[in-house]
Amino acid sequence: MKNLPRLLTSFTCATLLVTGHAQQPDNAVDIKQFDSKLAKDTTPLANSGQVCLSYANVAEKILPSVVTIFSSGPVNVPTIDRIPPQLRPFFYRFFGGPEGDFGSDENDEPLQPRRRGSPTPPTEEDSTPHQERGIGSGIILTADGYIMTNNHVIADAKKIEVAVSSDSGATKTYTAELVKGDPLTDVAILKIDATGLRPATLADSNLVRVGDVVLAAGAPMELSRSITMGIVSAKGRSNQGIVGDNAPRGRGRMSQIPNQGYEDFIQTDASINPGNSGGPLVDGLGRVVGMSTAILSKSGMNAGIGFAIPINMAVHIVEDLLDDGQVQRGFLGIEIRDLSEALAKNYGVNDATGALITYVSPDSPAQKAGIRVEDIVIQINGQRVDDSSRLRLIVSSMKPGTSIPVVVLRDNKPVTLNATLEALPEAALSEISPGSRNTPRKAPGANSDAELVRGVIVQNLSPALRERYDIPKDVTGIIVAKLDPASKAAGKGLEEGDVITHINRKVVTSAAEAQTLAKASGDTTILLRLVRKGDTMLLMLDNN
């Protein structure tokens, strides 16, 4: 367990959910005016293939636009048994990865969280026993003091200070105001009372290619004005793509946390360490292509796998935050999963790409557009959908009210539908999985029961069971009568009282028939179509 990789980044949980568009506050910033202050250069890089012997010009261009951020906040020291197991990999975030393991099952001693970066001498104001001082980096966006950083750099900070270095090497420290932060994308915007700052030049991150030379600037280990070099190792990384279902079970298993899908990281081997967080990732011309935000490491230090938020996404979030303090995200109203090889075989699809619809919310944009459970989304708004993460990202990047074409495979034939995205109330962000839609868990009496898979007992759907679970007469199938809460099926979201209507896309009418269908498939997994409190959804279970 000690050597399991850990992704040290911010924690998110939701599906295609959005916060509503709040009323514009009195101190809202004119976005057109703000955008006009940004320095942009979106010309593509040359592809000459020549070796560059020095990046001194790049360093001279970007370092004056990089700041060091000191955040002071309260220290909380929870013991390991008070931290939910699935959250332990995320407790020590980018600023403070622990040395070695998080603790063993045999050792229940309280774990002392490391400071976010190397400790700095506290000022008289910060020297109380319950204060700590962390360090990160930031990017100057405008000459009049708007600075972008990671939300986790300043989260829960009592005081934020920004150190700005001039070309001469002199450093001036400002007290910063937190304008707003967005935990879901880990982007925050600060404001300092300054003029004449040198804003960073922003590139078009959509033009970044795997293999492009990039440099990371910031204050690693409190060493300000540092720069390291590497290349773009990959694009389009998400939490699921970094540590997915094949990750080892245990503390490092990220898939225990529902994937938010708002991540579209640029992966790089440029050295990124605690303190780099919030600093710029720049191309060979010194233009910002991303903001360093996470590392994948066994020790919490650089292991050659770092991640940056694309600058296009980061600036979009910043402008939303400046506009009305809320990030607008499109809501389609579906739950989805990747189209695995087993699912592709089940649906007769040759190419295992796309996103399978497992649930459609009532009265949602998806339902109004005619999208159904078991549709496979292959394209949305003209963009190819390779997997569920890609679909989440595309939808969440568009504003409510946007009308988009959605191409789905239905019975192996492409169907084009049109959906108008909506905004979802904040309360919906708490819904993280189909399993959160609770149904009464009453133990029905014995009635032609059979074990479908390990830990799952199903029964024929009798009139008494219909009345007990309030199941409409037009719903046919079998009912989940007993479920072992420690079973894999329960972990996948199956609940007592669920009505299974199809197994591997075949109609099922009795418990005995269900057992036969499950065994006859010979596959390691089975696909269930079920009804829960009037909602239809799909679940894939291990067939053992």
**Request:** For a side chain to side chain contact (heavy atoms under 4.5 Å, CB included) with R329, tell me which candidate from D320, V395, L184 qualifies.
**Result:** L184
Does the [X] side chain pair with the main chain of [Y], one donor and one acceptor, at a distance under 3.5 Å?
X    : Y    : answer
S72  : K158 : no
S137 : G275 : yes
S396 : R392 : yes
S388 : I336 : no
D186 : N151 : yes
T228 : S271 : yes
K368 : A419 : no
T268 : V232 : no
D41  : T43  : yes
D283 : A203 : no

**Message:** For a side-chain hydrogen bond (donor to acceptor under 3.5 Å, both in side chains) check, start with the C-alpha distance between D387 and S389, then their side-chain angles and the critical distance, and finish with the verdict.
**Reply:** CA-CA 6 Å; D387 52 31; S389 294; 4.6 Å; no
Strictly below 4.0 Å, N to O, side chains only: are [X] and [Y] in salt-bridge contact?
X    : Y    : value
K399 : E422 : no
K40  : D204 : no
D323 : K180 : no
R390 : D386 : no

**Request:** Applying side chain to side chain donor-acceptor pair (under 3.5 Å), name anything that partners N418, two or more places apart in sequence or on another chain.
**Result:** none
Between [X] and [Y], what is the shortest heavy-atom contact and its length?
X    : Y    : value
V214 : A270 : O-CB, 4.3 Å
S292 : A216 : OG-CB, 4.3 Å
L190 : V179 : C-CG2, 4.1 Å

**Prompt:** Would R209 and K235 satisfy side-chain contact (heavy atoms from CB on, under 4.5 Å), going step by step from the backbone distance to the final call?
**Reply:** CA-CA 8 Å; R209 297 171 298 174; K235 292 177 60 180; 5.8 Å; no
**Prompt:** Can you list the steps and then say if T416 with V406 is a side-chain contact (heavy atoms from CB on, under 4.5 Å)?
**Reply:** CA-CA 6 Å; T416 301; V406 182; over 6 Å; no
**Item:** Which residues share a side-chain contact (heavy atoms from CB on, under 4.5 Å) with L223, sequence neighbours left out
**Value:** S226
**Message:** Would you say NZ of K172 has more than 12 non-hydrogen atoms from neighbouring residues, nucleotides or ligands within 6.0 angstrom?
**Reply:**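 Not buried by this count: 12 neighbours or fewer within 6.0 Å.
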**Asked** With a cut-off of 6.0 Å (strictly less than), are more than 12 heavy atoms of other residues, nucleotides or ligands near CG of D193?
**Response**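 No.
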**Message:** As an exercise, state the distance from CZ of F70 to OG1 of T173, rounded to the nearest 0.5 Å.
**Reply:** 7.0 Å
**Message:** Classify the ring geometry of F265 against F307: parallel below 30°, tilted from 30° to 60°, perpendicular beyond 60°.
**Reply:**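 Tilted, since the angle between the ring planes falls between 30° and 60°.
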**Message:** Measuring only between side-chain heavy atoms, which start at C-beta, is M148 closer than 4.5 Å to I317?
**Reply:**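 Heavy-atom side-chain distance check fails, nothing below 4.5 Å.
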**Message:** Among T185, N276, T293, exactly one meets side chain to side chain donor-acceptor pair (under 3.5 Å) together with N150. Which residue is that?
**Reply:** T293
